[in-house]
2 protein chains.
Amino acid sequence: MPRRPPPSRRRAPRQERAQATCDAILTATARILLKDGYEAASTNRIAQEAGVSVGSLYQYFPSKEGLVTALMERHRAQGLADFEAGLVPLASQPLPVAMRALIQQVISVKRENPKLNQVLHELKPRMRQWGLSDAYSQRLFRLVRAFLAPRFEELRPQNLDMAVFILVNTVEALSHSAVTERPDYLEDPLFVEELTALVLGYLRPEPATSAPRRTARERVARM
Amino acid sequence: MPRRPPPSRRRAPRQERAQATCDAILTATARILLKDGYEAASTNRIAQEAGVSVGSLYQYFPSKEGLVTALMERHRAQGLADFEAGLVPLASQPLPVAMRALIQQVISVKRENPKLNQVLHELKPRMRQWGLSDAYSQRLFRLVRAFLAPRFEELRPQNLDMAVFILVNTVEALSHSAVTERPDYLEDPLFVEELTALVLGYLRPEPATSAPRRTARERVARM
DNA sequence: TTAGAATGTGAGTGAGCGCTCACGTTCTCA
DNA sequence: TGAGAACGTGAGCGCTCACTCACATTCTAA
């Protein structure tokens, strides 16, 4: 019984050489995106770079959109797996240690392959227009949520979902901004420290110095 | 003596109707971007929407890139002016008050016209490819830097440039993420509070409460 | 051995794009 | 008032693109 092809595929490859063709097409796409950007990635050019004919490309991918979507899915699946693998052993660590390690990891990934990360990141809005399922974002969100939930009682934010939203997007956005605007920051240990301070300063309960906590909350609400 | 046309223009309009044509073209471009996205914004379509002919479009704009650039410049000049206008009276306010007001302002702007802001934001990478000068980002950066500099002694971060980079990108990115992923947050007063807490928690010196500083750090390390 | 399924080919199609140019129309000013 | 500058027009050019299809080659399994 044939496996159902995912929506980004046309036919599933059944022989080895077909699988090789698929892979060649995907990696060629990545290579061109990386080298010359999305505008340069025409289907003919991709086929040429992969060493196959356009026809073969359309055997396995229903459209250019489908091809780019498939590439994106592959990349995000890998990224998410890496993130999860890094997260698991940190579950028992103190929050500051865990956070610093996670931030360091995100930045390392960006630093390893800044150009491809940038291109794929900038492709996201286009894919939203094509109706890309946001399953990976949601899974990432849930991972961080599960990580934070057990310690949430001791932390300042009251709304867990919003806190996770803020944390995930902050780290993601700042490391991406660094890639495009300040690549030197990716090498600077201080940048990791500052991101960590940002995140921890957000989560840490406000110093309940002189005033009782309830009053402190009211003050916040009125400011 | 004729005014020099900016690099995004071909000829400067000299009569009133020409100026009207220019404006019509720019607003038509914005309308189409807003309604159907960049892919739908062909020059013929823009001209049609503006009620002029393609020829007229190319009288005033040297290329499609130039047209989009001009629109972007108009939008960013307005945004920057608004931001600066909001910033000036806050110079003398306490930091928490000023920060909350600024964040509220950024979010309000996004909320007013979320779709256009989103489209233009997503156009930025493309324009970087076209060699867009980043003068507005730099000006924004310098504004915030000048705002923060006088109080910097009392704050935790040691590197002013990096702090400004982090603050500007955090607020910008989070309000943009809210537009695309959680529009409900734009209406939620708690979101402004949390962004403010994020920013202030980052800037605030670490609490040196009752215990000596080293112990306080250890407590934090254990939470 | 061989039928037919799976895989691979690439010249060609039609649609849409950015942009031009030869030509009208309207305005300005001496 | 009329000459020339400024403004406006839109059919259509040249080109690139995503994608197809008639056909060739290779593999599988009975």
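The figures here come from the full heavy-atom set of this structure, side chains too, leaving out hydrogens, waters and symmetry mates. In the text below, chain A, chain B and the rest are named by the order of the sequence lines, each starting its count at 1.
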In whole Å, what is the span from the [atom1] atom of [X] to the [atom2] atom of [N]?
X	N	atom1	atom2	value
A/Arg11	C/dT7	CZ	P	9 Å
A/Gln15	C/dG8	CD	P	8 Å
B/Leu67	C/dC17	CG	P	15 Å
A/Gln48	C/dG8	CD	C1'	17 Å
A/Trp130	D/dA18	CH2	C1'	12 Å
A/Ile46	C/dG10	CD1	P	17 Å
A/Glu16	C/dA6	CD	C1'	14 Å
A/Arg14	C/dG8	CZ	C1'	16 Å

Over its full length, what angle do the end axes of the helix from C/dT1-D/dA30 to C/dA30-D/dT1 make, each axis taken from five pairs and the result rounded to 10 degrees?
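The angle separating the two end axes equals 0°.
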Going by atom types only, do [X] and [Y] share a side-chain donor-acceptor pair under 3.5 Å?
X	Y	value
B/Asp23	B/Gln19	yes
A/Thr69	A/Glu65	no
A/Glu194	B/Tyr202	yes
A/Asp82	A/Gln78	yes
A/Ser175	A/Arg111	no

Salt-bridge criterion met for A/Lys124 and B/Glu122 (N-O under 4.0 Å)
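No.
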Is the shortest distance from a Lys or Arg side-chain nitrogen in B/Lys35 or B/Glu49 to a carboxylate oxygen in the other one below 4.0 Å?
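Salt bridge: yes.
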Does the Lys NZ or Arg CZ of B/Lys64 fall within the cation-pi geometry relative to B/Tyr38 - under 6.0 Å from the ring centre and within 45° of the axis?
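Pair B/Lys64/B/Tyr38 counts as cation-pi.
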Would you please indicate yes or no on a ring centroid separation below 6.0 angstrom for A/Tyr185 and B/Phe165?
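Here the rings of A/Tyr185 and B/Phe165 have centres that are less than 6.0 Å from each other.
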Which is more 5' along DNA chain C, the nucleotide nearest A/Thr21 or the one nearest B/Lys64? Just name the residue.
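This one resolves to A/Thr21.
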Return the residues of residues 53-61 of chain B meeting this criterion: a heavy atom under 4.0 Å from some atom of DNA chain D. Order them by number, or give none.
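Only B/Ser53, B/Val54, B/Gly55, B/Ser56, B/Gln59, B/Tyr60 qualify.
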If only side-chain N and O atoms of B/Ser42 are considered, is one of them under 4.0 Å from the OP1 or OP2 phosphate oxygen of C/dG16?
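The answer is no; no side-chain N or O of B/Ser42 sits under 4.0 Å from OP1 or OP2.
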Side chain of B/Arg17, heavy atoms from C-beta onward: which of C/dC27, D/dA18, D/dC27 has the nearest atom to it?
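Looking only at heavy atoms from C-beta outward on B/Arg17, the closest nucleotide is C/dC27.
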